[in-house]
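A quick write-up on the structure given underneath.
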2 protein chains.
Amino acid sequence: MSAQQPNSRQHYHVGNLAEQLLSSARSMLEEVGVAKLSMRALCSALGVTATAAYHHFTNRAELLAQLATQGYLELAEELNEKAVALPVEEKIRGFCLIYLNFGRRNPALYQLMFGPELEFEQMPEHLLNARQQAFSRLELMVADLLKQTPDSPDVRSAALASWSYIHGLTSLLLHEVLQRPKDISDQRIIERTLTGFELLFNAYAANINPA
Amino acid sequence: MSAQQPNSRQHYHVGNLAEQLLSSARSMLEEVGVAKLSMRALCSALGVTATAAYHHFTNRAELLAQLATQGYLELAEELNEKAVALPVEEKIRGFCLIYLNFGRRNPALYQLMFGPELEFEQMPEHLLNARQQAFSRLELMVADLLKQTPDSPDVRSAALASWSYIHGLTSLLLHEVLQRPKDISDQRIIERTLTGFELLFNAYAANINPA
DNA sequence: AATTGAATCTTAACACTGTCAAGATCATAG
DNA sequence: CTATGATCTTGACAGTGTTAAGATTCAATT
């Protein structure tokens, strides 16, 4: 059943246990959720004893952190590949849709990346780097739209605003805080919310300056 | 040390164990985080055996759900009390600040309310009601600004947009995905992101209609 | 080629956890 | 006063993360 090599010697020195653990964890994560992802179950699924993983990861937390880093890198790559080609008038919409889509395809991973399970006194650097890499994609797009340099305050403000919005929407949808009507696509949800912002700002302006 | 009544009979029939469990859980939640909030520790902190709680809550999940319901109700009440009095031009900013402030004061509870720990095949009704009650506050404010009825599509879109944004910002800040520079207040973060949206929409309009 | 040391895995154990089943105690309704 | 049901305890089971110490194998040095 399992596609891993026949494991000629029954025990000892699997070879690439770290990778196998990570990839097993990756799929098991989506099956059972992050809370129920256990080291022991992970090891026994690979036919290895419960404590074998601890020679490759100091902690359960470290394994989770590496999964999260994977997630950030993949997200960054997807945003980079698919969002660059979009025409200007679809950049925002398209970017948000790609982001939300990533969450839809990897809900448990997304919850891990942005949830409370990653608790460190000091976050590992690979995680911070990967996270920054994903955020940079957003900043670049915003800089492009605003026609400013990526490190300008305006760009940072707008990028933070965008991230807050799309992360919030993704989070609310994934955790089923919002029950999406089945006949409405993610694309339309994004379009509606974006026009929702427009409505708000127009109304705000009208309230301030009642001409 | 503990303020609870002297517990005249040593065991049996504490009296209001359910309430005591909830209030202990509420504070312990913020001390150790939701993942490490354990039934047994909770019980032993109240001087009661490990399984006593199960005569008042069928599950750990049910206890957590009741905590989350508390959270939603408190959030709704705060929004109702403090946001109504705000002048029109400060309604959005003020609302968001109250919301974020709630998260700041109850970070673990907020993560419980909107995180993956609440896993039910069917969400308990008290939770859904309380959640809806909080969301209604937002819809009412948006309806007020847009001068439309709360059930109009425009209001729903704008309310969902607002909720996505402020929840996303709160979530990113609480989980320390964003490292906030210490000299910037939450109020300024909100102001900056809101103007960030304005910048984006202006640039978007300019890109569509390059006059 | 043999030996040594490090990397890798196993066995055994500890202290936890959620939860169930069965018994003890107690308040209260009849 | 007795009995019923609510409440709490005792005891147990299966599962968890993690550590310490031993077994095995790989790799490199002699």
Side-chain angles (χ1 to χ4, degrees), chain A residues 2 4-22 24-25 28-29 31-67 108 112 116-121 124, chain B residues 2 4-22 24-25 28-29 31-67 108 112 116-121 124:
Chain A
S2 70
Q4 64 218 27
Q5 55 263 43
N7 215 5
S8 48
R9 325 288 149 105
Q10 210 64 345
H11 306 295
Y12 295 98
H13 288 92
V14 175
N16 56 346
L17 185 56
E19 300 168 24
Q20 289 192 41
L21 282 169
L22 276 177
S24 271
M28 197 175 287
L29 176 64
E31 287 167 10
V32 304
V34 54
K36 290 187 179 173
L37 176 62
S38 89
M39 295 280 113
R40 298 180 96 112
L42 203 52
C43 287
S44 91
L46 291 179
V48 101
T49 15
T51 63
Y54 288 85
H55 294 95
H56 302 273
F57 306 92
T58 68
N59 261 344
R60 189 181 106 111
E62 190 186 291
L63 194 153
L64 292 183
Q66 296 212 18
L67 283 182
L112 172 61
E117 328 272 341
L118 294 178
E119 270 191 38
F120 291 90
E121 66 296 337
Chain B
S2 71
Q4 65 220 28
Q5 55 263 45
N7 214 7
S8 48
R9 324 289 148 106
Q10 211 63 345
H11 306 296
Y12 297 97
H13 289 92
V14 174
N16 55 346
L17 185 56
E19 299 169 24
Q20 288 192 42
L21 282 169
L22 277 177
S24 271
M28 199 176 286
L29 175 65
E31 287 168 10
V32 304
V34 53
K36 291 186 178 175
L37 177 62
S38 89
M39 294 280 114
R40 297 180 97 112
L42 203 53
C43 287
S44 90
L46 291 179
V48 101
T49 15
T51 61
Y54 288 86
H55 293 96
H56 301 273
F57 306 92
T58 68
N59 262 346
R60 189 183 107 110
E62 190 186 291
L63 194 153
L64 292 184
Q66 297 212 17
L67 283 181
L112 172 61
E117 327 272 340
L118 293 179
E119 270 191 39
F120 291 90
E121 67 297 334

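Computed from a predicted model, the values in this text were never measured in an experiment. Residue numbers start from 1 in every chain, and the chains themselves are labelled A, B, ... in the order their sequence lines are given, proteins ahead of strands.
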Atom-to-atom span, CG of A/L37 to P of D/dG15 - whole angstrom: 16 Å
query: Roughly how many Å is it from CE in A/M39 to C1' in D/dT18, rounded to a whole number?
result: 11 Å
- line: DNA chain D nearest-nucleotide lookup for A/K36 and B/A50: closer to the 5′ end is B/A50
field: Shortest non-hydrogen contact from A/A25 toward A/L67
entry: CB-CD1, 3.8 Å
- prompt: Taking only side-chain nitrogens and oxygens of B/N59, does any of them come within less than 4.0 Å of OP1 or OP2 of C/dT19?
  reply: yes
- prompt: What's the CD-P distance between A/E19 and C/dT8, to the nearest Å?
  reply: 12 Å
- prompt: What is the distance from atom OG of B/S24 to atom CG of B/L17, rounded to the nearest 0.5 Å?
  reply: 9.5 Å
Between P of C/dT8 and CG of A/L21, the distance in whole Å: 12 Å
statement: Judged by nearest nucleotide, the residue sitting upstream toward the 5' end of DNA chain C, A/A52 or B/A61, is A/A52
- request: Could you state the atom-to-atom distance from CZ of B/F57 to P of D/dT7 in whole Å?
  value: 12 Å
statement: From CD of B/E62 across to C1' of C/dG18 the rounded distance in Å is 15 Å
message: Measure OH/B/Y54 against C1'/D/dT10 and give the value in whole Å, please.
response: 16 Å
message: Counting distance alone, no hydrogens or angles: does the base of D/dG15 have a donor or acceptor under 3.5 Å from a partner atom on the side chain of A/R40?
response: no
Got a list of side-chain donor-acceptor pairs under 3.5 Å for residues 31-42 of chain A, not counting sequence neighbours?
unit_1 : atom_1 : unit_2 : atom_2 : d
A/S38  : OG     : A/A41  : N      : 2.9

Contact under 4.0 Å: A/H56 side-chain N or O vs C/dC9 OP1/OP2: yes
task: Could you check A/E117 against B/E117 for side-chain contact (heavy atoms from CB on, under 4.5 Å), going step by step and ending with a plain yes or no?
output: CA-CA 10 Å; A/E117 328 272 341; B/E117 327 272 340; 3.3 Å; yes
- request: Report the distance from atom NE2 of A/H55 to atom P of D/dA21, rounded to the nearest whole Å.
  value: 13 Å
- request: Using a 4.0 Å heavy-atom cut-off across all strands, classify A/R60 as base, sugar-phosphate, or nothing.
  value: sugar-phosphate
Minimum-distance nucleotide (side-chain atoms of A/S38 versus C/dC9, C/dG18, D/dT16): D/dT16
message: Less than 4.0 angstrom between a side-chain N/O of B/T51 and OP1 or OP2 of C/dT19, yes or no?
response: no
task: For B/E62, enumerate each residue passing the side chain to side chain contact (heavy atoms under 4.5 Å, CB included) test, keeping only those at least two apart in sequence or located in another chain.
output: B/F57, B/T58, B/N59, B/Q66
